[in-house]
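See below for the structure under consideration.
Just so you know, these numbers use all the heavy atoms, side chains as well, and skip hydrogens, waters and symmetry mates.
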Amino acid sequence: MYKLMIVEDEPLIRTGLKHYFAWEELGVHSIIEAENGREGMTTALREKPDLVITDIRMPEMDGLQMIEQIRNLLPDTLFIILTGFNDFEYAQKAIQVGNVHAFLLKPLEYEESLLVIQECMNKLQLKRQDRLKRSNLEGAQLVKLLLEEEHSVIDDAVIHELCNFNSNYYLYLPFVLTGIPMRETRTPSTLWMREYAEKFIHNAVDEYLHASTPHSIFTYSSKTKLYGLIVLGSPSSTDNFPLQTQVQIRIDQYLKALTLEHHLGLYLVIGKTTENPAQIHTLLHDSDRMLYQRFYMRDCRLFYVPQWIENSNSQKPSLIQLDENDKKRMISCIESSNEIETLQLMHRLAQDILSKTDVSSPDYWLAFLQEIISVIIRFANKNHIHIEGVYSEKLLNLTFADDFYSLETLFDWLGRWMIHLGIVYTEGLTHNHQQDVIIFEHIKSFIKENIDQEVTLQMVADRFFYNPSYLSRLFKRKLDKNYMRFVTEIRMEYAQECLKKPEILVTDVCTMCGYKSYKHFVKTFRSITNMTPSDYRKQSGW
C-alpha cells in the first residue's frame with residue numbers, strides 16, 4: 001500500500017483529486033494534503049509519501065522549487081506535475097528534474113489521467129520490489145556479520161537506512177529457526193527452509209506485534225537454520241515482551257502442525273531482547289545453543305530464552321564422562337562390526353545423557369560426545385583407516401548434532417558410523433579389499449531404496465559419513481565415472497526391470513525411477529540402451 005500527497009492551493013481541486021480516482025484500488029491507502037510548496041516540503045519530509053501530485057504555480061513556493069528541495073532527501077518518491085495549458089512547455093522541461101514521472105494537464109481527462117497514474121503505480125511497485133531485494137541482501141549480510149564477528153557493532157545510521165522508519169529507539173530481538181528431517185532424505189526440509197521459513201517468521205511477527213509497532217526483520221540462511229534479527233523502533237515495543245504464555249502456545253502449536261505437514265521437525269528459539277547492539281552476537285549464539293533443548297523437551301517446538309533462564313536450575317550440571325568399560329565395549333563393537341551390540345551400546349549412552357536431568361548447558365554432553373568421537377578416531381588411526389579428508393567434517397567438529405531431532409537418532413547415526421568403520425576394518429583384513437571400494441555397493445543399495453526420489457551426492461555423503469568432495473573424487477578415480485552417471489545407470493537398470501512387467505505403464509516407470517519429466521526419462525533411457533522405453537518393452541516380448 002502507498003501514501004499519496006496532493007499539493008495544490010485550490011481546496012476544490014484538492015478535494016476533487018481525492019475522489020476523482022478509485023485510489024484504494026490503485027493501491028493508495030493514505031492521502032495527505034498541502035496548500036503550497038513550502039507546506040508540501042515540510043509535510044513530505046515528515047510523512048515520506050510514495051507519490052506526490054503537485055501544482056506548479058502556488059504562493060510562497062511553487063511545485064518545482066519544492067521538488068528541487070526534497071527530491072534528494074526522498075529518493076524513492078515519485079512526482080507528478082499538475083499543470084494548465086499555459087504552463088505546458090514549462091511542465092515538459094520540469095520532467096527532466098529527477099524523479100518527476102509525468103504531468104497531468106488541467107482539466108483532467110479521466111482515461112488519459114488514469115493511465116498516467118497506473119504507470120506511476122507500476123513504477124512504484126517495481127522500485128519497492130527492487131528496494132526489498134536490496135534490503136534482504138543487506139539484511140542477510142548484517143545478520144551474518146553479527147553472527148560470525150564477535151566484536152561487530154552496528155550503529156543507528158545503518159539500522160535507520162535498513163529499517164526505513166523514523167525512530168531514536170531500537171530494540172533488538174534475535175531468533176533461530178531450524179528444520180530437521182524426520183527421515184533420511186533432506187529435500188523436504190531444504191525446500192521448506194528456502195521457500196517458507198522467512199514467510200512464516202514474517203507472518204508470526206505481524207500477528208503477535210501491535211500493528212502500529214514499526215519493525216523490520218533481517219534473516220540469514222545457513223544450511224538447515226534461519227538466523228534472524230527483529231528490529232523494533234518504538235519504546236512501546238517493550239509492551240510485547242516477555243511473550244505471553246498463550247502466544248507461546250499458539251506459535252508452538254503452529255510449528256507442530258507444520259512439522260506434520262512437511263515431515264520435518266521445526267524448532268524456533270526466540271532470544272532475549274536488548275537495546276545494546278554489542279550484545280547481539282552473544283544473544284544469537286545463545287539462541288543457537290538453545291536449540292539443543294529439543295533433546296530434553298521432546299514435545300516442545302518453541303523455546304523462549306528469557307523464560308528458560310528464569311526457570312532453569314541455578315546449580316551447575318555435573319560433568320558426564322565415558323568410563324573405561326564403555327571405551328572397551330566401543331572398540332569391541334567396531335572390531336566385530338556387530339550391528340545389534342553397537343546400536344544397543346549407543347542407545348544406552350544416549351539414555352545416560354538424558355538421565356542427567358540437570359543438564360542446562362550443551363557443553364557438558366557435547367564434551368561427552370567429543371570423547372566418544374575421540375575413541376573412534378584413535379581406533380581408526382591405529383588401524384590405518386583414513387579419517388582426515390575422507391569422512392565428513394561434521395564428525396570431527398560435532399556439527400552433525402544440528403542434523404538430528406533427538407539424541408536417540410543422533411547416537412543411532414553415530415553407531416552406524418562405527419558399524420561402517422567395522423566393515424572397513426574387517427573386510428580390509430580378511431579380503432584384502434581396498435577400503436575405498438567397499439562403500440560403492442552400500443551406496444548402490446541406498447539409491448535403490450530411494451529410487452523414486454532425488455538422491456544427491458550430499459545426501460549420500462551424509463548417509464555414509466563421507467566428505468562429499470572426497471566421495472566425488474572416489475567415483476572418478478575408482479569407477480571412472482561421476483556420481484550422476486552412477487545414479488543414472490542404477491535408475492536405468494531399475495527401469496529395465498520394471499518395463500519387463502506389462503502391468504506397469506511406461507509413464508509410471510518414469511515416476512518410479514525418480515524422473516519428473518517423461519521427455520527427460522525417454523532421452524536418458526535411449527542414451528543408455530540405444531532405444532526408447534516402449535521399444536525396449538516390445539523387444540523384450542512384452
Side-chain angles (χ1 to χ4, degrees), residues 179-197 223-224 258-265 403 413 416 420 423 436-466 468-542:
I180 301 172
M182 308 296 283
R183 54 193 184 195
E184 285 183 330
T185 54
R186 298 298 173 90
T187 305
S189 62
T190 304
L191 288 176
W192 193 91
M193 292 300 288
R194 186 183 303 135
E195 296 178 12
Y196 299 108
K223 297 179 181 177
T224 59
L258 289 173
T259 292
L260 293 174
E261 180 181 351
H262 296 281
H263 305 289
L264 73 156
D403 297 338
W413 183 81
R416 294 189 184 280
H420 168 75
I423 294 171
D436 290 340
V437 179
I438 299 170
I439 189 61
F440 293 121
E441 285 302 318
H442 298 297
I443 294 176
K444 185 173 183 178
S445 297
F446 177 71
I447 292 171
K448 283 184 174 180
E449 290 170 6
N450 298 279
I451 196 75
D452 61 337
Q453 301 178 42
E454 179 187 1
V455 184
T456 65
L457 179 66
Q458 183 66 58
M459 290 165 56
V460 171
D462 288 344
R463 173 63 178 81
F464 294 101
F465 324 103
Y466 276 98
S469 299
Y470 173 81
L471 195 56
S472 178
R473 295 194 302 270
L474 198 61
F475 274 99
K476 191 65 178 175
R477 189 171 72 245
K478 298 296 183 181
L479 300 183
D480 196 28
K481 64 182 74 171
N482 62 28
Y483 170 74
M484 288 308 301
R485 179 72 181 187
F486 182 78
V487 174
T488 298
E489 290 177 356
I490 294 172
R491 293 190 191 282
M492 291 303 101
E493 286 177 11
Y494 181 67
Q496 291 173 56
E497 293 175 15
C498 294
L499 288 169
K500 292 176 182 177
K501 301 175 182 179
E503 67 274 15
I504 304 177
L505 297 174
V506 176
T507 51
D508 290 339
V509 175
C510 166
T511 305
M512 292 165 64
C513 292
Y515 289 92
K516 295 180 181 179
S517 166
Y518 181 73
K519 184 177 180 180
H520 183 211
F521 168 66
V522 172
K523 182 179 179 181
T524 304
F525 191 91
R526 180 183 286 159
S527 71
I528 298 292
T529 65
N530 294 318
M531 63 184 77
T532 66
S534 298
D535 290 340
Y536 179 85
R537 170 166 277 181
K538 291 176 184 176
Q539 181 177 296
S540 301
W542 302 103

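- With a 4.5 Å cut-off on side-chain heavy atoms, Phe521 and Lys516 do not count as touching.
- Note that OG of Ser472 and CZ of Arg477 are 10.5 Å apart. Values are rounded to the nearest 0.5 Å.
- For the pair Lys448 and Glu497, the salt-bridge criterion is not met [side-chain N within less than 4.0 Å of a carboxylate O].
- Ring orientation note: the planes of Phe525 and Tyr536 are nearly perpendicular, at an angle over 60° on the 30°/60° scale.
- Residues Phe446 and Ile451 have side chains not in contact (no heavy-atom distance under 4.5 Å, counting atoms from C-beta outward).
- Aromatic ring orientation, Tyr515 versus His520: perpendicular (interplanar angle above 60°, classes split at 30° and 60°).
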Start with the C-alpha gap between Val460 and Val455, add the side-chain angles, then the distance that decides, and say whether side chain to side chain contact (heavy atoms under 4.5 Å, CB included) holds. CA-CA 7 Å; Val460 171; Val455 184; 3.7 Å; yes
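- Taking the six-membered ring where tryptophan is involved, the planes of Tyr466 and Tyr470 are essentially parallel, since the angle between them stays under 30° and well short of 60°.
- With a 4.5 Å cut-off on side-chain heavy atoms, Arg537 and Met531 do not count as touching.
- Classified by interplanar angle (parallel below 30°, tilted 30° to 60°, perpendicular above 60°), the ring pair His442/Phe464 is tilted.
- Here the CD-CD1 distance, from Glu493 to Ile447, works out to 10.5 Å after rounding to the nearest 0.5 Å.
- You'll find the side chain of Phe486 reaches within 4.5 Å of the side chain of Ile443, heavy atoms only.
- Side-chain polar atoms of Thr532 and Asp535 form a donor-acceptor pair below 3.5 angstrom.
- Annotation: side chain of Tyr483 is not in contact with side chain of Leu471 (no heavy-atom distance under 4.5 Å).
- Looking at heavy atoms from C-beta onward, Asp480 lies out of side-chain contact with Phe475 at the 4.5 angstrom threshold.
- Shortest non-hydrogen contact noted between Val509 and Cys498 is CG2-CB, 3.8 Å.
- Residues Asp452 and Cys513 have side chains not in contact (no heavy-atom distance under 4.5 Å, counting atoms from C-beta outward).
- To the nearest 0.5 Å, atom CG of residue Asn450 and atom OG of residue Ser445 are 11.0 Å apart.
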Would Asp403 and Ile180 count as a side chain to side chain contact (heavy atoms under 4.5 Å, CB included) here? Give the steps. CA-CA 6 Å; Asp403 297 338; Ile180 301 172; 5.5 Å; no
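- Distance check: Cys510 SG to Ile504 CD1 gives 13.0 Å after rounding to the nearest 0.5 Å.
- Trp413 places no side-chain N or O within donor-acceptor distance of the main-chain N or O of Phe465, the cut-off being under 3.5 Å.
- Rounded to the nearest 0.5 Å, atoms NZ (Lys501) and CG (Asp508) are 13.0 Å apart.
- Contact check for Glu454 versus Thr456: side-chain heavy atoms found under the 4.5 Å cut-off.
- Between the CZ atom of Arg416 and the CD1 atom of Ile423 there is a distance of 10.5 Å, given to the nearest 0.5 Å.
- Looking at Lys481 and Glu489, a side-chain N of the basic residue comes within less than 4.0 Å of a carboxylate O on the acidic one, giving a salt bridge.
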Any chance you could lay out the side chain to side chain contact (heavy atoms under 4.5 Å, CB included) test for Tyr518 and Val506, step after step, and finish with the verdict? CA-CA 9 Å; Tyr518 181 73; Val506 176; 3.4 Å; yes
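- Here the shortest heavy-atom pairing between Met492 and Ile528 reads CG-CG1, 3.7 Å.
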